[in-house]
Amino acid sequence: MRYSGFRVITQGLFGNAGWKPAWRDPAPKAEYDAVIIGGGGHGLATAYYLAKNHGLTNIAVLEKGYLGSGNIGRNTTIVRANYFLPGNSEFYSHSLKLWEGLEADLNYNVMHSQRGLINLFHSDGQRDAFARRGNAMLNQGDDAVLLDREGVRELLPYLDYENTRFPIYGGLLHPRGGTARHDAVAWGYARAADQRGVDLIQNCEVTGIDIVDGRVTGVQTTRGAIRAKKVGMVAAGRSGQVAAMAGLRLPIESHVLQAFVTEGLKPVIDHVISFGMGHFYISQSDKGGLVFGGDLDFYASYAARGNLPMVEHVMEAGMTLMPMIGRARVLRSWGGIMDMTPDGSPIIDKTPIEGLFLDAGWNYGGFKAVPASGYSMAHLMATGESHPVAAKFGLNRFATGHLLDEEGTGSQHNLH
Amino acid sequence: MRLTCPLCGPRDRREFYYYGAAEYLNRPAPDAAPEAWDDHLHNRDNPAGLVQDLWYHEQGCCSWLKVTRNTVTHEIVTVEPVAGGAA
C-alpha cells in the first residue's frame, strides 16, 4: 500500500478501516541467499539496499527482539555530515545525500528536519580548528558557515554569553544538519525492504554461526537452522557477542551513553546545538521535548542505563550553556550500548571467514550513518568489494596503522 | 556506583578514572610481533558479564586498581591493588 496525503484523507473519511500491517510476519525459510543478523536501522537498511540496488530479494533479516528495538530507538536522532578526515568525510557526505532523498525513496515520512546544527567554540585555538573543519566540509561539497559571537547570538539569543570559563567565541553552522524521527527510520526501511520481498523475522535470536572449512554456511537460531552462503553481522551494541560465535575477537569495547528528554515545551530551540567543551548537546523534538545528552559513562557496560555522576554532569553543562532550561522537568533518561572502537570510527568489511561480513563499531555516531552504512554494507555483501565511500573502514586498519582517529585521542576505546 | 579501594575504603565512582580492560597489564615484549601489539592495544573479549578492568584512584591514594565487576548489573565484585598483586 502506497502512502500519500490523499490516502490519509480517504482513510480518515472511512474510519481508518483500510490500513494494512506495514510488513509481513513470515516464518523463516530453510535457506536464503543471504541473511543479516540484526533488525535495527543498519540491518534493515542493508536488506533494503541489497534488494533495491543489487536485486537480491531471497534474503532475511533476523532480529532477536522486535524490529528497531535496539539503538535505532535509543539515540538522540541527530543527522549531520560535519566530519574532517578523508574516509569519514565522504562517507557521511554520502549518507546525508541519501537522507535528503530518503522519504521519497522509502515512501515513508521519517520527519527529516534540516534545522541546522551549530558547534560552539570557546577559544582562538578551537576557532582555528573549526574553521579548518568547515573548510574540509566545503571541500567535500557539503555546507558550513563560520559564525562569530554576534552571528551565534542572532540565532541563539538564549545562550549565556557572560560565561567566563567557556566564553562563546562563535560557532560552526552546518545548515543541512538536523534531526529525524528515529523509529520511523527503522519502520520505513522495514516496510520498503518487505515490499521488495525481504523476510523480516522477529523474535529470532541467532545462537550460532556455522562455518565449514573457513566458509560460512548458515546460522543456528531460536527458530531453527537457516542456511545461507552470505551472512552479515549488523548488531552494533552486541557486535562482540555475535562475532564471538564465529570465533572472532573485535577491536571493540562496549560502553553506555546516556540521553535525556524533558516534558514537552513550546518551540524554543530551533537548531541542534553542540557544546563540546561541556560535553553537552541538545535539540527539541517535534513533540516539544528537549532531547539532550553528554558523554559516555566511561566504563565498559552492557547495562542499558547509566550512572548518576554523568546525569549530574550533563545537567550542569546544560545549565552552564543555557540557564533558561533550568525549569524544564526531565521526563526520562536512558542508556544505549555503544560499540567503541580504538579510533572512534566504524568497521564495514569482510572478515577472515569467507561469506561472513561485519558492519559494527558505530561508536556514538550510528544514527546519521544508517543510510550510507546499509548502502555500503549491501554493496560489500553483493559484490565482495568495499563501496568507495566506506573503503577506509577496514577491519585490519588497526593492525596496519591506517586509523581514522577523528578526535585524535589515541587507542583507548572510551576516549572517542 | 561505589568502589571499595583497598587503601581508602568505599569511595564514590567519581574519585576514580577508568582506563580499560586489565589486559593492558599483559604487555607484550618490546620485540614481540606487530600482531601481538595490535591484539594488545585494540582487540577485546568484551564480555557481557564479569570483566576485569583497570581503574586509577585519581582523587584518593593514586593507586592503580584491578576491579572485577559485572558489565550487565554494574555490581563490583572485588577491587585489588595492581602493585604487588599477580597481574
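Computation of the quantities below employed the complete heavy-atom set of this structure, encompassing side-chain atoms and omitting hydrogens, waters and symmetry-equivalent molecules.
Interface remark: Tyr24(B) contributes side-chain atoms only to the contact with chain A (heavy atom separation under 4.5 Å). Neither the backbone nor the side chain of Trp37(B) has a heavy atom closer than 4.5 Å to any heavy atom of chain A. The part of Leu250(A) that comes within reach of chain B is its backbone (N, CA, C, O), which places non-hydrogen atoms under 4.5 angstrom from that chain. The contact between Leu415(A) and chain B is made entirely by side chain atoms (from C-beta outward), counting heavy-atom distances below 4.5 Å. In this structure, chain A has heavy atoms under 4.5 Å from both the backbone and the side chain of Asp39(B). Of the two parts of Val72(B), the backbone and the side chain both hold a non-hydrogen atom closer than 4.5 Å to a non-hydrogen atom of chain A.
Listed in order of number, the residues of residues 232-245 of chain A that approach chain B to under 4.5 Å between heavy atoms are Arg238(A), Gln241(A). Within residues 391-411 of chain A, the residues approaching chain B closer than 4.5 Å by heavy atoms are, in numerical order, Phe398(A), Ala399(A), Ser411(A).
Proximity of Gln412(A) to Tyr18(B): side-chain heavy atoms (C-beta onward) are nowhere separated by under 4.5 Å. For the pair Tyr299(A)/Trp55(B), a side-chain contact is recorded, criterion being any heavy-atom separation below 4.5 Å from C-beta on.
Rounding to the nearest 0.5 Å gives a distance of 7.0 Å between CZ of Arg13(B) and CE of Met310(A). For the atom pair Asn307(A) CG and Arg2(B) CZ, the distance stands at 12.0 Å (nearest 0.5 Å). The structure places CG of Asp45(B) at 13.0 Å from CD1 of Ile252(A), a figure rounded to the nearest 0.5 Å.
Looking only at distances, a side-chain donor or acceptor of His413(A) sits under 3.5 Å from a matching main-chain atom of His42(B). Of the possible donor and acceptor atoms, none in the side chain of Glu253(A) sits under 3.5 Å from a partner among the backbone N and O of Arg44(B).
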Criterion side chain to side chain donor-acceptor pair (under 3.5 Å) on Tyr302(A) and Asn46(B), from CA distance to verdict
CA-CA 10 Å; Tyr302(A) 281 94; Asn46(B) 197 27; 3.1 Å; yes
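Applying the 6.0 Å contact sphere to CZ of Arg27(B) captures no more than 12 heavy atoms from other residues, nucleotides or ligands. More than 12 non-hydrogen atoms from other residues, nucleotides or ligands lie less than 6.0 angstrom from OH of Tyr17(B).
Classification of Glu23(B) and Arg249(A) as a salt-bridged pair holds, one side-chain N sitting under 4.0 Å from a carboxylate O.
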